[in-house]
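All of these numbers come straight from a predicted model, not from anything done at the bench. Below, each value reflects all heavy atoms present in this structure, side chains not excepted, and no hydrogens, waters or symmetry copies.
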Amino acid sequence: QTTANSASQKTATLETGLDGLTAKFSNLKIGGRNLLSKTNQGKTSWEWAISSGGSTAEDFDVDGVKAVKLTRTSDSSASWNFIQYKGLPKNLIEPNTQYTLSFDVKPNQNATFTATLMRGDGTARLTNSVIMNQALANKWTKVSCVLTSKETLPDESGQVVYLQGMPITNGNWLIIKNIKLEKGNIATDYSPSEVDLEQKVAEYKQ
């Protein structure tokens with residue numbers, strides 16, 4: 001009887017543990033499909049927009065990956081600045097839905113980015129604004145955040161991936177690769193969009 005009670009207690013403990021794991025992971029929704037177009041195509045779609053002074057965007061090879069290097073080229077003061085990625089198809093964003101944004105970044109200064117999906121002038125927001133994990137100077141860091149789209153999406157189009165938080169001292173730079181926006185709240189490994197993948201297959205067959 002003691003053995004039976006012990007086995008029963010172990011079963012109950014196991015069931016409790018499984019219930020806890022189920023509760024823990026029930027809110028996790030995995031995506032996978034990259035909603036951004038023309039990723040890992042160097043400077044394509046990238047810009048560091050600054051109210052005064054200049055910046056450059058250039059193709060930058062990282063172990064065979066066509067990344068982008070953005071560099072600040074002036075020491076003038078600026079009232080605003082943001083980094084934008086323009087390959088965002090608005091029609092793929094659904095209302096009241098979670099999306100995970102992630103990318104690998106190597107800045108020359110510590111940087112903590114705040115991400116939003118909206119137009120470059122700060123209007124027509126598709127999502128809330130969320131602070132990403134810190135990227136350390138001169139090291140590769142995968143940064144990510146979970147954005148939640150608005151219950152009612154704006155009619156206007158032209159939204160971008162809008163990033164703030166990079167210090168703008170002259171000569172500052174950052175390299176970005178593997179940007180991905182996916183449905184759900186888990187950052188999965190980088191993959192190109194379906195459209196980009198189909199295009200690469202078509203080019204290979206030619």
Show your reasoning for whether side-chain contact (heavy atoms from CB on, under 4.5 Å) applies to Leu174 and Ile83.
CA-CA 11 Å; Leu174 69 163; Ile83 293 168; 3.7 Å; yes
Using side-chain contact (heavy atoms from CB on, under 4.5 Å), reason through Asn178 and Val65 one step at a time and then give a plain yes or no.
CA-CA 9 Å; Asn178 296 340; Val65 175; 4.2 Å; yes
Stepwise side-chain contact (heavy atoms from CB on, under 4.5 Å) check, Arg33 with Glu182:
CA-CA 6 Å; Arg33 175 189 177 191; Glu182 57 193 306; 6.0 Å; no
Between Lys177 and Asn40, is a side-chain contact (heavy atoms from CB on, under 4.5 Å) present by the stated rule, with each step listed?
CA-CA 6 Å; Lys177 64 177 181 176; Asn40 281 358; 4.0 Å; yes
If you apply the rule side chain to side chain donor-acceptor pair (under 3.5 Å), what do you find for Lys180 with Thr188, and how did you get there?
CA-CA 9 Å; Lys180 185 174 185 178; Thr188 61; 2.9 Å; yes
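Closest approach of Val105 and Ala135 over heavy atoms only: CG1-CB, 3.7 Å. Taking every heavy atom of both residues into account, Asp59 and Gln41 meet most closely at OD1-O, 4.3 Å. Counting all heavy atoms, side chain and backbone alike, Gln159 lies closest to Ala124 at NE2-O, 3.0 Å. Looking at every heavy atom in both residues, Ser144 comes nearest to Asn133 through N-OD1, 2.9 Å. The heavy-atom pair separating Ser157 from Arg119 by the smallest distance is O-CD, 3.4 Å. Considering every non-hydrogen atom in both Asn128 and Val130, the closest pair reads ND2-CG2, 3.7 Å.
For Ile131, the CD1 atom counts as loosely surrounded, since its 6.0 Å shell holds 12 or fewer non-hydrogen atoms of other residues, nucleotides or ligands. The environment of Lys43 atom NZ is sparse: at most 12 non-hydrogen atoms of other residues, nucleotides or ligands sit within 6.0 angstrom. Taking a 6.0 Å sphere around NZ of Lys142, one finds it holds more than 12 heavy atoms contributed by other residues, nucleotides or ligands. Within 6.0 Å of CG in Asp75 there are more than 12 heavy atoms belonging to other residues, nucleotides or ligands. Other residues, nucleotides and ligands contribute only 12 or fewer heavy atoms inside 6.0 Å of the CG atom of Asp189.
Not a single donor-acceptor pair under 3.5 Å links the side chain of Ser149 to the backbone N or O of Leu126. Between the side chain of Ser193 and the backbone N or O of Asn34, no donor-acceptor pair lies under 3.5 Å.
Summarising the geometry, atom CE belonging to Met166 is positioned 6.0 Å from atom CZ belonging to Phe113; distances are rounded to the nearest 0.5 Å. In this structure, CG in Leu153 is found 11.0 Å from CD in Glu156, a value given to the nearest 0.5 Å. Taken from CG in Leu70 to CD in Gln84, the straight-line distance is 10.5 Å, to the nearest 0.5 Å.
A side-chain donor-acceptor contact under 3.5 Å links Ser129 and Thr116. Counted by atom type alone, Thr39 and Tyr190 present one or more donor-acceptor pairs between their side chains at under 3.5 Å. Using modelled atom types and a 3.5 Å distance limit, the side chains of Asn185 and Gln98 yield a donor-acceptor pair.
Taking 4.5 Å as the limit, every side-chain heavy atom of Thr148 sits out of range of all side-chain heavy atoms of Thr97. Using a 4.5 Å cut-off on side-chain heavy atoms (C-beta onward), Trp80 and Ile50 make no contact.
Linking Ile, Leu, Val, Met, Phe, Trp and Tyr whenever their side-chain heavy atoms come within less than 4.5 Å leaves Tyr99 and Met118 in two separate clusters. When hydrophobic clusters are built by joining Ile, Leu, Val, Met, Phe, Trp and Tyr residues whose side-chain heavy atoms come closer than 4.5 Å, directly or via intermediates, Leu101 is grouped together with Leu92. Under the 4.5 Å side-chain heavy-atom criterion for grouping Ile, Leu, Val, Met, Phe, Trp and Tyr, Ile93 is connected to Leu36 within one hydrophobic cluster. Hydrophobic clustering, with ILVMFWY side chains joined whenever heavy atoms are under 4.5 angstrom apart, keeps Met132 apart from Val146.
For Lys183 and Glu94, the salt-bridge test passes: some basic side-chain N is under 4.0 Å from an acidic carboxylate O.
Considering Asn108, Thr73, Thr71 in turn, Asn108 is the only one that fulfils the side chain to side chain donor-acceptor pair (under 3.5 Å) rule with Asn172. Each of Thr56, Ile168, Val68 was scored for a side chain to side chain contact (heavy atoms under 4.5 Å, CB included) with Trp48, with one residue passing: Ile168.
A cation-pi arrangement is not found for Lys38 relative to Trp46, the charged atom failing to lie both closer than 6.0 Å to the ring centre and inside a 45° cone about the ring normal.
By the 30° and 60° cut-offs, the orientation of the rings of Phe82 relative to Tyr162 is parallel.
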